[in-house]
Amino acid sequence: MGRNLFNLKELSITEIEAILDQATVFLNAKNHKKFAGKIACNLFFEPSTRTQYGFQVAEMNLDIKAIGFNPEASSLKKEESFYDTIKTFDAFGADLLVIRHPSNGYYEQLAGKIETPIINAGDGTGDHPTQSLLDLLTIRQEFGSFNGLSVVMVGDIAHSRVVHTNFEAMKRLGMQVYTSGPEECRQNELNFIPLTQALSRCDVVIMLRIQHERHGKRLCMATDEYNSKYGLNHENVSLMKPNAIIMHPAPINRNVEIIDELVECGRSRIFKQVKNGVFIRMAAVKYALEAD
Ligand code: ASP
């Protein structure tokens with residue numbers, strides 16, 4: 001039968017930790033259960049590199065056959081609706097649908113109408129559950145647990161689905177969660193503090209890209225002005241605690257939210273996040289296919 005994974009709010013802490021544990025098993029195991037004969041459809045209605053191809057690698061690691069989807073070459077161009085497009089892949093008899101779409105909560109119109117289990121690979125500014133899970137795995141690998149850790153997410157808070165999923169899940173896991181960045185992107189209810197204060201206080205610093213595609217108008221500011229006010233640079237990185245780490249969901253705009261030299265510095269876990277993403281997505285696929 002399988003089950004959906006729309007957001008992390010629906011999961012208990014025990015279920016979240018179980019997915020992280022399963023990802024760790026996949027990370028360490030040479031032989032593990034495969035899902036040969038299953039078919040997954042990766043339906044991305046928005047651009048994506050890490051999530052889209054990370055899911056494809058995860059599915060291949062599990063011996064699942066993966067189908068990609070190009071909206072530009074589909075019947076969406078003949079004005080077929082999103083709903084009918086998804087209903088079509090459901091009717092094909094696929095075993096799993098991985099969907100990214102620019103509308104917040106797109107999955108609400110599908111719930112109960114689509115038999116194939118769905119993993120949400122990002123909905124507008126809403127949620128990005130597998131990104132949040134891979135962030136959590138990266139943090140747990142570093143610090144062993146979550147309780148008592150402090151984290152700040154810096155940048156385009158209002159438009160970031162990564163922030164919205166992480167904020168809720170990290171608080172529930174016992175972390176002190178802050179946000180920081182340009183006033184235009186502030187969300188008061190998300191514990192907004194000045195960047196210098198956040199950097200000296202936090203164990204985890206998550207930098208974010210400005211989501212230009214979700215702004216009515218672009219946040220008009222020169223790159224170096226943005227970096228000196230809201231980005232990580234040689235000066236303010238020295239404020240970070242000795243063992244604090246830098247993360248970023250990527251894509252990175254080098255020299256905007258983080259200067260080039262810091263992207264791969266000793267504190268950075270950015271490419272470790274990408275690696276963890278494959279194992280988290282394997283665990284998410286297993287979660288969706290094997291409802292218990
Ligand atoms: N890749 C992340 C997302 O899909 C972050 C970003 O695009 O900036 O939300």
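First listed ligand is number 1; within each ligand, the first listed atom is number 1.
Distances shorter than 4.0 angstrom occur between a heavy atom of Ala250 and an atom of ligand 1. The closest approach between Gln211 and ligand 1 falls below 4.0 Å for a heavy atom of the residue. At a 4.0 Å cut-off, not a single heavy atom of Arg50 sits close enough to ligand 1 to count as contact.
Two rings, from Phe45 and Tyr106, have their centers 6.0 Å or more apart.
Under the 3.5 Å distance criterion, with hydrogens and angles disregarded, a donor-acceptor pair is assigned to the side chains of Gln187 and His164. A side-chain donor from one of Thr130 and Arg281 sits under 3.5 Å from a side-chain acceptor of the other.
Ion pairing between Arg3 and Glu10 fails under the 4.0 Å rule for side-chain N and carboxylate O.
Between His101 and Phe82, the ring planes lie tilted relative to each other; the angle falls in the 30° to 60° range.
Nearest protein neighbour of atom 7 (O) of ligand 1, counting heavy atoms only, is Arg209 NH2, 3.0 Å.
Backbone and side-chain nitrogen or oxygen atoms of Pro251 are examined, and none is located within less than 3.5 angstrom of a nitrogen or oxygen of ligand 1.
Counting only heavy atoms from C-beta outward, the side chains of Ser268 and Leu262 never approach each other to under 4.5 Å.
Below 4.0 Å from some heavy atom of Arg100 lie the following atoms of ligand 1, by number and element: 4 (O).
Across the listed options Arg161, His159, Gln52, Arg161 owns the non-hydrogen atom lying nearest to atom 9 (O) of ligand 1.
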